[in-house]
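Atoms within a ligand are numbered from 1 in the order they appear, just like the ligands themselves.
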Amino acid sequence: MKAKLLILLALVLGPFMLRAQTEVNIDLTNTAADPTISKYIYSHFAEHLGHCIYGGFYVGDTSKIPNTAGVRNDIIAALRKMKIPALRWPGGCFADTYHWKDGIGPKDKRPAIVNKWWGGVTEDNSFGTNEFLNMCELLGADPYLSGNVGSGTVQELADWVQYTTSDNKNPMSDLRKANGRDKPWNIGFWGIGNEAWGCGGNMTAEYYSNEFRKYSTFMGSGPKMFRVASGASSDDYNWTETLMKNIPHSLIEGIALHHYAVIDWNRKSSATNFTEDQYFESMQRALLMDTLVTKHSAIMDKYDPKKKIALVVDEWGGWYDVEQGTNPGFLFQQNSMRDAMIAGATLNIFNNHCDRVRMANLAQCVNVLQAVILTNGPKLILTPTYHVMEMYNVHQDATMLPVKFDTEYYEHNGHKLPAISVSASKDKDGIVHVSIVNIDPEKTHKLSLHFNGGSFKTVGGRILTSAKVQDYNSFQNPDKIKPEQFDGARLSGGDVSLMLPHTSVVVLALK
Ligand code: AHR
């Protein structure tokens, strides 16, 4: 009788007991042709929008805020520590209104312009091409210039390429030299228009493909030239298909994708004062990235089976209501543990798809949308998203290790999402890093990691966590959320087990 009861209990509870922990299998023997997680997956985006450039990165060289040629020293130090690999500029929607020749030469001769997309403010053009490219050198980041297709000309973009990259004698390199820069800058990444289906000109995919062919032809090619086509919005698969079909592959190195974790464009949420329903919906939108990348990649595979053309997710992140009392056109939002969950899970998706996703740019770097840095006069805070980016920089240019697991779920109101997300890599010194996110706002989850093809002697790590998903760093309490040492992982018989607290990001280092 007792035995029967036990069997019955095992049958009823068995499936739940099996789900009591997430079993993660990590393959240390990746033999893919190019399994590298490109460092450019960790790139950023800086638009002339609100206080991203003016009052953010750039305060001018007469400012009392310590700066180098007008760029804040505290921002330079923070982004270097985070290892920012590349920075996209000057937009966004702004890029298709920007005429680069307005932003070169003596500052008092530069014309003022009105930023028609973002707040209608007047900008004096004191931050232009030379200032941006010199700033990238200070940051140790590669520039990614976004060319104007919407309201510019082919000649204008071809001239920009000459001005910035040519060492031969020609009118554009002479102009650069006259403006005080002798040698060209080191530029590879060029965007040809932005959101051509919308703010970049409301074009059809067919029409834009032809425009792209023309611009790309006259920009020229070369070993460094990496030309990125304006790509699809979220699940517009037809856009990717049309571009892949119509653009000769000798003219293109990357195709973009934009996807924001926005609940609903007409019904966003506060950045910090949100409900669990809103948290769940934000995470649903963020995790959709996996499906989007998978499906866009499958289309690209049809036309480019050798994966020569990269998928460049050059705008991604959480988008919420602006902070109360701020200009709605400036897109200034706080950054909470929800953003850390979005960043950790999204970067894991990119790492796991690194065969096709070879660049991504978080929108945006300073004071706009899901920023890594917020400033207020001389004050600066690092957001939870900054800390995730800094913790994950160990994956930059490391070898991706495939992971397989059946996750436990985060359940809410009868709906469920994968609670756990994982990616792993091996760096040049042989250290294996595993980044794990638990998006569940309440439950701790247990994980067991099994390694195929190797074992380890030590395990250490860092954790970013907080009591509530709504928690954030403020100017009054800037270090409320910061990475701490994580001692909760145990090695036993080659496997690693750990309890992953709710709302947490952990990066383990195994030697
Ligand atoms: O990042 C803000 C805006 O979002 C960009 O300018 C545009 O490309 C996108 O729609």
Review point. Does the cation-pi check pass for R338 over Y320, that is, NZ or CZ under 6.0 Å from the six-membered ring centre and within 45° of its axis?
Key: yes
Point to revise | F330 side chain near V322 side chain, heavy-atom distance below 4.5 Å | key: no
Show me a pair-per-line table, with atom names and distances to 0.1 Å, of protein N or O atoms that are under 3.5 Å from an N or O of ligand 1.
residue, atom, partner, partner atom, Å
ligand 1, 1 (O), Y260, OH, 2.8
ligand 1, 1 (O), Q364, NE2, 3.0
ligand 1, 4 (O), Y260, OH, 3.4
ligand 1, 4 (O), E315, OE1, 3.2
ligand 1, 6 (O), E47, OE1, 2.7
ligand 1, 6 (O), E47, OE2, 3.1
ligand 1, 6 (O), C93, N, 2.9
ligand 1, 8 (O), N194, OD1, 3.4
ligand 1, 8 (O), N194, ND2, 3.0
ligand 1, 8 (O), E195, OE2, 3.4
ligand 1, 8 (O), E315, OE1, 3.1
ligand 1, 8 (O), E315, OE2, 2.7
ligand 1, 10 (O), E195, OE1, 2.7
ligand 1, 10 (O), E195, OE2, 3.2

Practice item. Identify, with sequence neighbours excluded, every residue that meets salt bridge (Lys or Arg N to Asp or Glu O under 4.0 Å) alongside R176. Key: none
Just distance, no hydrogens or angles: give the donor-acceptor pairs under 3.5 Å from side chains in residues 374-381, sequence neighbours left out.
residue, atom, partner, partner atom, Å
T375, OG1, G55, O, 3.4
T375, OG1, N367, ND2, 2.8

**Study point:** Stepwise ring pair (Phe, Tyr, Trp, His ring centres under 6.0 Å) test for Y40 and F189
**Key:** CA-CA 11 Å; Y40 296 116; F189 300 111; 4.8 Å; yes
Revision key, fill the gap. Applied to residues 88-97, the side chain to side chain donor-acceptor pair (under 3.5 Å) test, sequence neighbours excluded, yields H48-W89, R88-N194, R88-E315
